[in-house]
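Read the numbers this way: they start at 1 and go in the same order the structure lists the ligands and their atoms.
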Amino acid sequence: MISEIKSNINREMLPQHIAIIMDGNGRWAKQQGRERVYGHQGGVESVRSVIEGAGEIGIKFLTLYAFSTENWNRPKEEVDALMSLLVRSIHHELDNLMKNQVRLLTIGDMNALPDECRKELLDAIRITAHNTGVSVVLALSYSGRWEIVEMARKIAQQVKNNRLNPEEIQEETVIQNLNTDQIPDPDILIRTGGELRISNFLLWQLAYAEFFFPTKMWPDFRKEDLWQTIVDFQSRERRFGKTGEQVCSH
Ligand code: FPP
């Protein structure tokens with residue numbers, strides 16, 4: 001069954017970049033009468049499975065929304081637990097990341113993270129920098145609006161320093177000043193947990209992404225679910241503003 005889903009994927013039409021909003025950890029834990037943190041721990045197993053599954057079929061970029069700017073407003077115990085889970089997971093998984101040739105990257109406000117967390121991340125980014133498999137982008141203390149404000153600041157500074165004329169500002173200028181300047185736009189957005197929102201995630205970059213909203217909670221999501229989403233994606237027609245006839249005539 002598992003190998004059947006995998007063999008249904010057309011390797012010639014792979015998405016380059018899949019972005020995931022990992023939602024439903026808290027509800028999954030509550031369903032089992034446990035604390036929310038138990039759900040986040042369960043979610044780490046899904047992160048491992050999905051990274052493996054992306055690597056196995058040759059996906060180039062996988063972005064995971066691990067902690068939003070708004071998540072700082074959660075109860076302190078939950079924020080602390082998430083930060084320490086992150087540090088422990090990265091530390092514990094480093095050998096595995098190397099073995100699977102995973103390259104780790106981050107987007108978001110690294111300066112807002114606790115020192116220990118930032119240090120662990122920077123070490124893992126440095127150690128995995130030359131790996132050639134899937135690039136896993138952790139969105140941490142990230143939000144799309146935060147990133148757009150940062151981009152506006154950087155461009156304004158360049159104008160102020162006479163390095164850029166306002167008339168020269170193009171889409172490319174914006175792209176180069178986002179956190180994702182080296183990363184292609186996502187082809188697919190997955191949000192688990194059944195909510196139909198993008199919650200301030202990759203607002204610029206998702207312009208042409210195909211959206212998928214599985215009802216499974218994140219801790220139940222596995223690589224087979226990722227592969228099935230890719231199969232479904234491959235049966236959709238992406239038009240990028242053109243007509244169906246124009247797309248088919250290529
Ligand atoms: C959303 O579920 C999930 C998060 C805010 C955190 C996701 C983090 C992990 C899965 C751990 C990350 C670990 C690594 C190594 C990247 P929720 O709490 O909003 O769930 P709910 O909607 O059911 O309340």
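Listed by chain and number, the hydrophobic cluster partners of Trp28 are Tyr38, Met217, where partners are ILVMFWY side chains within reach of under 4.5 Å, directly or through others.
The pair Glu116-Lys119 does not count as a salt bridge, with every side-chain nitrogen at least 4.0 angstrom from each carboxylate oxygen.
To the nearest 0.5 Å, the span separating NE2 on His40 from OG on Ser84 amounts to 11.0 Å.
Residues passing the ring-ring contact (aromatic ring centres under 6.0 Å, His included) test with Trp72, sequence neighbours excluded: Phe67.
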**OP:** Evaluate the salt bridge (Lys or Arg N to Asp or Glu O under 4.0 Å) criterion for residues Arg222 and Glu224: first the C-alpha distance (whole Å), next the side-chain angles of each, then the deciding distance (0.1 Å), finally the verdict.
**Re:** CA-CA 5 Å; Arg222 289 290 179 276; Glu224 297 76 37; over 6 Å; no

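Annotation: ligand 1 has protein neighbours Met22, Asp23, Gly24, Asn25, Gly26, Arg27, Arg36, His40, Gly43, Ala66, Asn71, Arg74, Leu82, Leu86, Ser89, Leu138, Trp218, each with a heavy atom less than 4.0 angstrom from the ligand.
Pairs of residues two or more places apart, or lying in two chains, that qualify as salt bridge (Lys or Arg N to Asp or Glu O under 4.0 Å) and include a residue from residues 170-188 are Asp187-Arg238.
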